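Heavy-atom basis, side chains included; hydrogens, waters and symmetry copies ignored. Both counts, for ligands and for their atoms, begin at 1 and track the order of listing. Quick caveat: nothing in here was measured; it's all calculated off a predicted structure. Index from 1, following the sequence.
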Amino acid sequence: MSLASVLPLEAASPAYICPFDQACSYLEAAAKELRLDRGIIEILSHPRKVVTVSVPVKLDSGEIQVVAGHRVQHSDVLGPYKGGIRYHPAVTLREVSALAMLMTWKCALLGIPYGGAKGGIAIDPKRYSVGELERISRRYISELIKDIGPSVDIPAPDMGTSAREMAWMMDTYSVNVGHAVPGVVTGKPLSVGGSRGREMATGRGAMIIVREALADQGKSLAGVRVAIQGFGNVGSAAAELLYEAGAKIIAVSNSAGGVFSQDGLDIPKLKAYAAENRKSIVGYPQAVAISNADLLTLPCDVLIPAALENQITEENANQVQAQIVAEAANGPVTLEASLSLEARGVTVLPDILANAGGVVVSYLEWVQGLSYLFWDEERVNREMEHLMVQAYHQVIQQSKKRQVSLRLAAYTLGVGRVAQALTDRGLYP
Ligand SMILES: NC(=O)C1=CN([C@@H]2O[C@H](COP(=O)(O)OP(=O)(O)OC[C@H]3O[C@@H](n4cnc5c(N)ncnc54)[C@H](OP(=O)(O)O)[C@@H]3O)[C@@H](O)[C@H]2O)C=CC1
Ligand SMILES: O=C(O)CCC(=O)C(=O)O
């Protein structure tokens with residue numbers, strides 16, 4: 001039985017690519033390669049717990065609106081559930097379920113003692129005031145109070161959320177239980193027990209993985225031409241760090257479109273422009289305007305999709321000109337597109353590896369909080385880099401040993417570790 005029979009069907013256009021079906025296909029492929037028992041696959045293809053809550057919010061106008069909030073806990077075989085909370089209009093239960101499953105494999109691949117979860121609310125945060133977002137965040141977490149906790153399920157930021165929302169959530173949880181519980185969320189501001197380095201962590205992790213992949217091809221970051229889709233937390237941090245390392249960032253984009261410069265964008269100037277223009281990069285004077293679709297097919301060495309799922313599909317995969325595609329977003333390349341890119345010799349660095357820097361520093365934040373001892377940024381970055389480089393080499397080794405793609409190598413490692421723990425714990429009926 002697949003989850004399709006458990007999750008309600010959501011509005012589907014003919015072009016709809018179900019993220020949960022994609023996630024299950026990856027699981028199936030890894031399980032086949034590992035010759036896993038059907039019973040184990042059955043367990044792992046179902047989230048352990050799916051919670052949907054109604055979140056009533058009083059808008060500034062006085063009107064009451066009710067939005068749906070989800071939290072999907074895929075697996076806690078290796079430790080507490082872990083994963084971000086997304087605020088985006090396209091959030092669906094199937095998407096959140098897929099992202100929760102990816103978190104399970106990501107944490108296992110990186111060797112951090114967590115399971116996988118994800119949360120989401122189908123709102124466009126740009127359409128709400130700060131006060132409304134605070135009320136939504138607090139009510140959502142109040143509704144989930146019995147399902148989360150520092151040793152149960154630890155949320156973190158994802159698209160549309162940041163340290164600000166994590167502080168509200170930490171406060172709401174703490175007030176509910178009667179004492180401060182910083183460990184209930186990660187990605188918090190430093191003032192309430194956040195970790196140095198968390199804000200840049202996902203982008204930094206992506207930069208490290210790209211650097212390692214280039215090194216394997218006898219190249220360095222210096223002078224490499226990079227295009228980045230998405231200029232939010234992940235995309236802008238990756239752009240900044242790659243720029244500092246000497247790469248030429250020739251294009252970046254956000255939901256409104258992109259900017260391109262043949263000679264490379266001045267990323268600090270572009271960030272300053274975005275800060276002055278309510279995060280918008282559109283209209284940046286020292287570049288040419290391009291569309292998101294154009295960005296993906298630019299001639300460049302490295303393409304970093306750092307926004308939404310399903311951006312590179314069967315439709316445009318054969319137009320991608322980059323030699324390396326680093327999935328800083330979750331699920332930006334579909335299964336079919338991945339196969340098509342790999343068949344052309346393009347290196348696809350899979351999401352559960354390329355964007356794991358965020359959850360690794362979340363783990364380091366949690367460890368620091370639990371031990372009441374906070375590190376300087378240099379130490380946080382060093383510990384993160386160690387885990388990222390180690391995972392990268394494990395994936396490369398696995399890929400060579402099994403003669404499979406990097407994605408399948410990463411999945412076999414993640415899925416294999418969870419399956420092993422499941423069997424050792426005796427949870428396999
Ligand atoms: N934050 C984290 O620590 C982690 C995030 N990720 C993944 O990285 C991705 C990005 O997350 P994050 O940077 O945190 O999110 P943010 O909300 O900070 O930024 C998202 C960026 O994507 C842009 N965007 C949205 N829709 C589109 C579109 N249709 N085309 C092009 N760009 C678009 C946004 O543009 P605009 O500002 O105009 O809306 C914004 O620039 C997600 O897939 C997330 O799951 C993975 C691991 C950890
Ligand atoms: O930092 C975390 O705990 C989770 C980050 C996340 O949601 C992700 O890696 O997709």
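With a 4.0 Å heavy-atom cut-off, ligand 2 is reached by the backbone of Val359 and by its side chain too. Only the side chain of Asn330 comes within contact range of ligand 2, with a heavy atom under 4.0 Å; no backbone atom does.
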Just list the N/O pairs, ligand 1 to protein, that are under 3.5 Å apart, with the distance for each.
| unit_1 | atom_1 | unit_2 | atom_2 | d |
| --- | --- | --- | --- | --- |
| ligand 1 | 3 (O) | Arg198 | NH1 | 3.2 |
| ligand 1 | 3 (O) | Arg198 | NH2 | 3.0 |
| ligand 1 | 3 (O) | Thr202 | OG1 | 2.8 |
| ligand 1 | 13 (O) | Asn233 | N | 3.2 |
| ligand 1 | 13 (O) | Val234 | N | 2.9 |
| ligand 1 | 17 (O) | Gly160 | N | 2.9 |
| ligand 1 | 18 (O) | Asn233 | N | 2.8 |
| ligand 1 | 30 (N) | Asn292 | ND2 | 3.3 |
| ligand 1 | 35 (O) | Ser255 | N | 3.0 |
| ligand 1 | 38 (O) | Ser255 | N | 3.1 |
| ligand 1 | 38 (O) | Ser255 | OG | 2.5 |
| ligand 1 | 39 (O) | Lys126 | NZ | 2.6 |
| ligand 1 | 39 (O) | Ser255 | OG | 3.3 |
| ligand 1 | 41 (O) | Phe231 | N | 2.9 |
| ligand 1 | 41 (O) | Gly232 | N | 3.1 |
| ligand 1 | 43 (O) | Arg86 | NH2 | 3.4 |
| ligand 1 | 43 (O) | Ala307 | O | 2.7 |
| ligand 1 | 43 (O) | Asn330 | N | 3.1 |
| ligand 1 | 45 (O) | Arg86 | NH2 | 2.8 |
| ligand 1 | 45 (O) | Asp158 | OD1 | 2.7 |
| ligand 1 | 45 (O) | Asp158 | OD2 | 3.3 |
| ligand 1 | 45 (O) | Asn330 | ND2 | 2.9 |

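Between Glu165 and Ser162, the side chains place a donor N or O and an acceptor N or O closer than 3.5 Å (distance only, hydrogens not considered).
For ligand 2, the polar-atom distance check finds no N/O of Asn355 at less than 3.5 Å from any of the ligand's N/O atoms. At a 3.5 angstrom cut-off on N or O pairs, Ala156 does not count as close to ligand 2.
Checking Arg204, Gln390, Arg211 one by one against Glu385, the side-chain hydrogen bond (donor to acceptor under 3.5 Å, both in side chains) holds for a single residue, Arg211.
Protein heavy atom closest to atom 7 (O) of ligand 2, with residue, atom name and distance, is Lys118 NZ, 2.7 Å. Looking only at protein heavy atoms, the nearest one to atom 3 (O) of ligand 2 is Lys82 NZ, 2.6 Å. With hydrogens left out, the protein atom closest to atom 9 (O) of ligand 2 is Lys106 NZ, 2.7 Å, a heavy atom. Shortest contact from atom 1 (O) of ligand 2 to any protein heavy atom: Ser362 OG, 2.6 Å.
Remark: Tyr173 pairs with no residue by the ring pair (Phe, Tyr, Trp, His ring centres under 6.0 Å) rule, at least two apart or across chains. In this structure Tyr284 satisfies the ring pair (Phe, Tyr, Trp, His ring centres under 6.0 Å) test together with Tyr273, sequence neighbours excluded.
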### Task
Please lay out, stage by stage, how Tyr114 and Trp366 fare under the test ring-ring contact (aromatic ring centres under 6.0 Å, His included).
CA-CA 11 Å; Tyr114 288 136; Trp366 185 70; 5.0 Å; yes
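Ligand 2 has no atom lying under 4.0 Å from any heavy atom of Gly187.
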Only pairs under 3.5 Å count here: list side-chain donor-acceptor contacts from residues 240-252, not counting sequence neighbours, and write none if there are none.
| unit_1 | atom_1 | unit_2 | atom_2 | d |
| --- | --- | --- | --- | --- |
| Glu240 | OE1 | Lys271 | NZ | 2.3 |

